[in-house]
S.K.: 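First, the structure itself, so that you have it in front of you.
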Amino acid sequence: MLKGKLKLPLPVPDKARRAFPDRLGSLVAGFDGKEEEYGGGSDLVVFEPGEELETFQPNGFVSNKESDGVENFVEESDIKVRPRPEKDGAGPVSTVQVIAVDEKRSDLEYELSRPEINLEKLQRIASAGLPDGGGLRATAWKLLLGYLPPSRDLWEKELTENRQKYVKLKEELLLSPLPWTNGNLESRQSELTRRKDEAFSYKEQHVDVDVDGPLRRHEISQEDHPLSLGKASAWHQYFQYTEMVEQIDRDLQRTHPDKKFFSGETSFSRKNRQAMKNILLLFAKLNPAIRYVQGMNEVLAPIYYVFSTDTDEKNAANAEADSFSCFVRLLSDSVDHFCQQLDNSSVGILSTLTRLSDLLKANNEELWRHLEITNKVRPQFYAFRWITLLLTQEFDFQPILRIWDCLLGNPFGVQDMLLRVCCAMLLCVKSRLLSGDFVANLKLLQHYPDINIEHLLRVAQDLSPDTSSYRLSP
């Protein structure tokens with residue numbers, strides 16, 4: 001995490017609009033904007049190589065009350081083991097599943113075609129899983145994030161204005177010849193040329209006819225000295241910016257290396273990485289106190305992928321601008337987690353980890369006591385990455401999209417549902433955790449096994465609410 005904090009107020013949402021800012025300016029200074037279904041994953045829980053555990057179906061889910069009143073969720077001891085099938089083999093799809101997917105798609109298409117979108121109904125549809133293809137997920141996410149207004153009549157106007165503002169910001173901060181802090185090579189060269197010309201002009205003006213005698217030294221200001229450590233130094237800003245650009249490039253190269261959309265040296269993947277780089281650099285420049293933090297690329301990836309694969313050609317062509325706006329809105333919900341100075345505050349990451357601990361204790365005190373009292377496995381040892389990166393490194397890409405449907409569809413905000421999912425992840429491997437020591441527990445949670453995502457989300461939605469008074473700050 002980078003030091004420093006840009007404290008920016010977030011607007012108060014109305015109940016239907018969710019816990020997202022109505023204006024991009026709430027997080028980005030100077031940008032005053034307007035306001036798959038998981039079908040490719042396995043339904044198996046993997047625990048050991050070569051073996052796979054099959055969870056109960058919805059009608060087989062068990063929830064018993066123990067003597068202490070704590071709800072006891074399904075454990076692996078209640079699950080039978082079977083040989084693991086080949087991953088590339090497509091499993092059979094029942095007629096009932098096909099009908100259910102078609103009905104879900106029809107409901108979503110109908111809802112998105114209405115003159116005025118019912119956001120509460122859209123939230124319910126998203127929580128149950130959005131269908132892949134057709135650009136439905138892209139449109140739904142834009143609505144759930146508040147980027148698109150509920151009224152369809154305003155969509156074209158809002159999109160045009162926000163896209164034009166992004167283009168203007170990009171031209172001013174990334175493409176114009178700004179001194180030193182610009183990542184454009186030609187801009188840096190033009191600045192070097194200007195300074196050389198100034199030095200040559202100074203030399204001509206001060207040339208002495210009598211060449212004998214001591215040489216005169218040019219005066220170099222503190223800001224112009226290459227070794228200056230002052231924050232106002234142009235050289236310091238240049239080196240700092242260059243280091244950030246190199247870090248973003250390295251992180252983008254590692255973003256989902258198994259997907260050709262992000263990885264490889266094709267013109268297609270390079271174009272996608274360049275667009276994501278532009279978004280991250282622009283965000284860093286507009287928020288110098290936050291800048292770029294490792295992992296932001298992982299949070300951006302699902303948004304940019306979904307918007308770029310929109311079947312609407314105009315929307316896909318403007319995926320970079322739309323992704324920037326929605327990335328800002330999503331980060332505004334958890335930006336304090338990236339600020340080291342706020343780690344111990346009521347809005348910092350440690351406070352959020354404490355709420356996860358409280359949620360686990362409220363739903364299964366036995367597991368909470370085993371992890372935190374007996375084994376000393378604190379949430380910061382495993383859940384820091386879960387929370388800050390919105391679970392993007394714990395699951396494969398398609399399951400991530402399904403989980404995000406549920407996060408964005410939660411009427412109480414992303415962080416509320418995120419903590420529920422994290423708690424459910426612990427409950428779904430309860431038996432293994434209870435039988436393990438510190439090392440075994442930590443290894444399991446830092447390398448979370450494959451799991452039935454729909455079952456995981458059902459457990460998360462059925463949890464007792466957090467006993468703390470915390471709610472998302474608007």
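Hydrogens, waters and symmetry mates are skipped; everything else that's a heavy atom, side chains included, is used. The structure displayed is predicted, hence computed values, not measured ones. Note that the numbering runs from 1 along the sequence shown for the chain.
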S.K.: Any donor and acceptor pair, going by atom type alone, linking the side chain of Arg273 with main-chain N or O of Phe262 inside 3.5 Å?
M.R.: yes
S.K.: For the backbone of Met276 and the side chain of Tyr304, can you confirm whether one donor and one acceptor N or O come within less than 3.5 Å of each other?
M.R.: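 A pair under 3.5 Å: no.
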S.K.: Under a 3.5 Å distance rule, please check whether Asn315 uses its side chain to pair with a backbone N or O of Thr311 as donor and acceptor.
M.R.: no
S.K.: Side chains of Tyr292 and Val245: does their closest heavy-atom pair fall under 4.5 Å?
M.R.: no
S.K.: Does the Lys NZ or Arg CZ of Lys142 fall within the cation-pi geometry relative to Phe307 - under 6.0 Å from the ring centre and within 45° of the axis?
M.R.: yes
S.K.: Nearest 0.5 angstrom please: Leu136 CG to Asp107 CG, how far?
M.R.: 11.5 Å
S.K.: Should Arg254 and Asp251 count as an ion pair when the cut-off is N to O under 4.0 Å?
M.R.: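 A salt bridge links Arg254 with Asp251.
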S.K.: Which heavy atom of Ile290 sits nearest to which heavy atom of Val293, and what is that distance?
M.R.: O-CG2, 3.9 Å
S.K.: Indicate the atoms forming the closest heavy-atom contact of Leu433 with Leu426, along with that distance.
M.R.: CD1-O, 3.6 Å
S.K.: Quiz question: by atom type and distance under 3.5 Å, do the side chains of Thr352 and Arg355 form a donor-acceptor pair?
M.R.: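 Checked: Thr352/Arg355 side chains pair up, N/O donor to acceptor below 3.5 Å.
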S.K.: Which heavy atom of Cys428 sits nearest a heavy atom of Ile451, and at what distance?
M.R.: CB-CD1, 3.5 Å
S.K.: Looking only at atom types and distance, does a side-chain atom of His370 sit under 3.5 Å from a main-chain N or O of Gly436, one as donor and one as acceptor?
M.R.: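 Flag set: sc His370 to bb Gly436 pair under 3.5 Å.
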S.K.: Answer yes or no: is there a donor N or O on one side and an acceptor on the other, between the side chain of Arg385 and the main chain of Gln393, under 3.5 Å?
M.R.: no
S.K.: Ignoring hydrogens, what is the shortest heavy-atom contact between Gly135 and Asp310? Give both atom names and the distance.
M.R.: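 Scanning both residues completely, I find the closest heavy atoms to be CA-OD1, 3.4 Å.
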S.K.: I'd like to know if Glu372 and Lys361 make a salt bridge, using a cut-off of under 4.0 Å between side-chain N and carboxylate O.
M.R.: no
S.K.: Give a yes or no on whether the backbone of Phe381 and the side-chain of Gln446 come within a donor-acceptor separation of less than 3.5 Å.
M.R.: yes
S.K.: What's the spacing between Leu174 CG and Lys285 NZ if we round to 0.5 Å?
M.R.: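 The NZ atom of Lys285 is 5.5 Å from CG of Leu174, to the nearest 0.5 Å.
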S.K.: Distance from Leu371 atom CG to Lys376 atom NZ, nearest 0.5 Å?
M.R.: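 Nearest 0.5 Å value for the CG-NZ distance: 12.0 Å.
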S.K.: What is the distance from atom CD of Gln294 to atom CZ of Arg250, rounded to the nearest 0.5 Å?
M.R.: 7.5 Å
S.K.: Could you tell me whether the side chain of Arg402 and the main chain of Ala128 form a donor-acceptor pair under 3.5 Å?
M.R.: yes
S.K.: For residues Phe283 and Phe324, report the shortest heavy-atom separation together with the two atoms involved.
M.R.: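 Heavy atoms of Phe283 and Phe324 come nearest at N-CE1, 4.0 Å.
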S.K.: Any chance you could lay out the side-chain contact (heavy atoms from CB on, under 4.5 Å) test for Asn364 and Lys430, step after step, and finish with the verdict?
M.R.: CA-CA 9 Å; Asn364 197 302; Lys430 174 184 173 182; 3.2 Å; yes
S.K.: Could you label the plane-to-plane angle of the Phe397 and Tyr305 rings as parallel, tilted or perpendicular, counting under 30° as parallel and over 60° as perpendicular?
M.R.: perpendicular
S.K.: Do you know the tightest heavy-atom contact between Arg329 and Leu145?
M.R.: CD-O, 3.3 Å
S.K.: Quick one, Leu330 with Trp404, criterion side-chain contact (heavy atoms from CB on, under 4.5 Å). Give me CA distance, side-chain angles, the key distance, then yes/no.
M.R.: CA-CA 11 Å; Leu330 183 60; Trp404 276 35; 3.7 Å; yes
S.K.: Can you confirm whether Cys406 sits close enough to Val421 that some side-chain heavy atom of one is under 4.5 Å from a side-chain heavy atom of the other?
M.R.: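 They are not in contact (no side-chain heavy atoms under 4.5 Å apart), so the answer is no.
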S.K.: Does a donor on one side chain sit under 3.5 Å from an acceptor on the other, for Asp249 and Gln253?
M.R.: no
S.K.: Any luck finding a side-chain donor-acceptor pair between Asp322 and Tyr166 under 3.5 Å?
M.R.: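 Note: Asp322 and Tyr166 side chains miss the donor-acceptor criterion.
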S.K.: Check whether any side-chain heavy atom of Trp368 lies under 4.5 Å from a side-chain heavy atom of Ile373, and answer yes or no.
M.R.: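 SC-SC contact between Trp368 and Ile373 confirmed.
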S.K.: With side chains defined as the heavy atoms from C-beta onward, is the minimum distance between Leu159 and Lys314 less than 4.5 Å?
M.R.: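 Of all side-chain heavy-atom pairs linking Lys314 with Leu159, none is under 4.5 Å.
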S.K.: Within the structure provided, determine whether Leu444 and Tyr382 are in side-chain contact (heavy-atom separation under 4.5 Å).
M.R.: no
S.K.: Can any side-chain N or O of Ser106 pair as donor or acceptor with the backbone N or O of Asp102 at less than 3.5 Å?
M.R.: yes
S.K.: Looking only at side chains, do Thr255 and Asn297 share a donor and an acceptor under 3.5 Å apart?
M.R.: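 Note: Thr255 and Asn297 side chains meet the donor-acceptor criterion.
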S.K.: Can you check side-chain contact (heavy atoms from CB on, under 4.5 Å) on Arg124 and Glu111, steps first, answer last?
M.R.: CA-CA 11 Å; Arg124 291 195 297 271; Glu111 189 59 42; over 6 Å; no
S.K.: Is there a side-chain contact between Leu350 and Leu353, using heavy atoms and a 4.5 Å cut-off?
M.R.: yes
S.K.: Can you see whether Gln461 engages Arg458 through a side-chain donor-acceptor pair at a distance of less than 3.5 angstrom?
M.R.: no
S.K.: Give a yes-or-no answer on whether the side chains of Trp141 and Asp405 include a donor-acceptor pair shorter than 3.5 Å.
M.R.: yes
S.K.: Please tell me if the side chains of His256 and Asp258 come closer than 4.5 Å, counting only heavy atoms from C-beta onward.
M.R.: yes
S.K.: Could you check whether any side-chain N or O of Ser323 sits under 3.5 Å from a backbone N or O of Glu320, counting only pairs where one atom can act as donor and the other as acceptor?
M.R.: no
S.K.: Going through the checks in order, is the side-chain contact (heavy atoms from CB on, under 4.5 Å) test met by Phe395 and Met425?
M.R.: CA-CA 11 Å; Phe395 301 97; Met425 290 169 66; 3.9 Å; yes
S.K.: Got a sec: does the CD of Glu265 have more than 12 other heavy atoms crowding it under 6.0 Å?
M.R.: yes
S.K.: Taking atom CD of Glu454 and atom CD1 of Ile403, what is their separation to the nearest 0.5 Å?
M.R.: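 Reported to 0.5 Å precision, the distance equals 9.5 Å.
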S.K.: Any chance you could measure Thr354, atom OG1, to Leu359, atom CG, to the nearest 0.5 Å?
M.R.: 12.5 Å
S.K.: Does Ser113 use its side chain to pair, donor to acceptor, with the backbone of Tyr110 at less than 3.5 Å?
M.R.: yes
S.K.: Does the side chain of Leu391 come within less than 4.5 Å of Cys422's, by heavy atoms?
M.R.: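 Of all side-chain heavy-atom pairs linking Leu391 with Cys422, at least one is under 4.5 Å.
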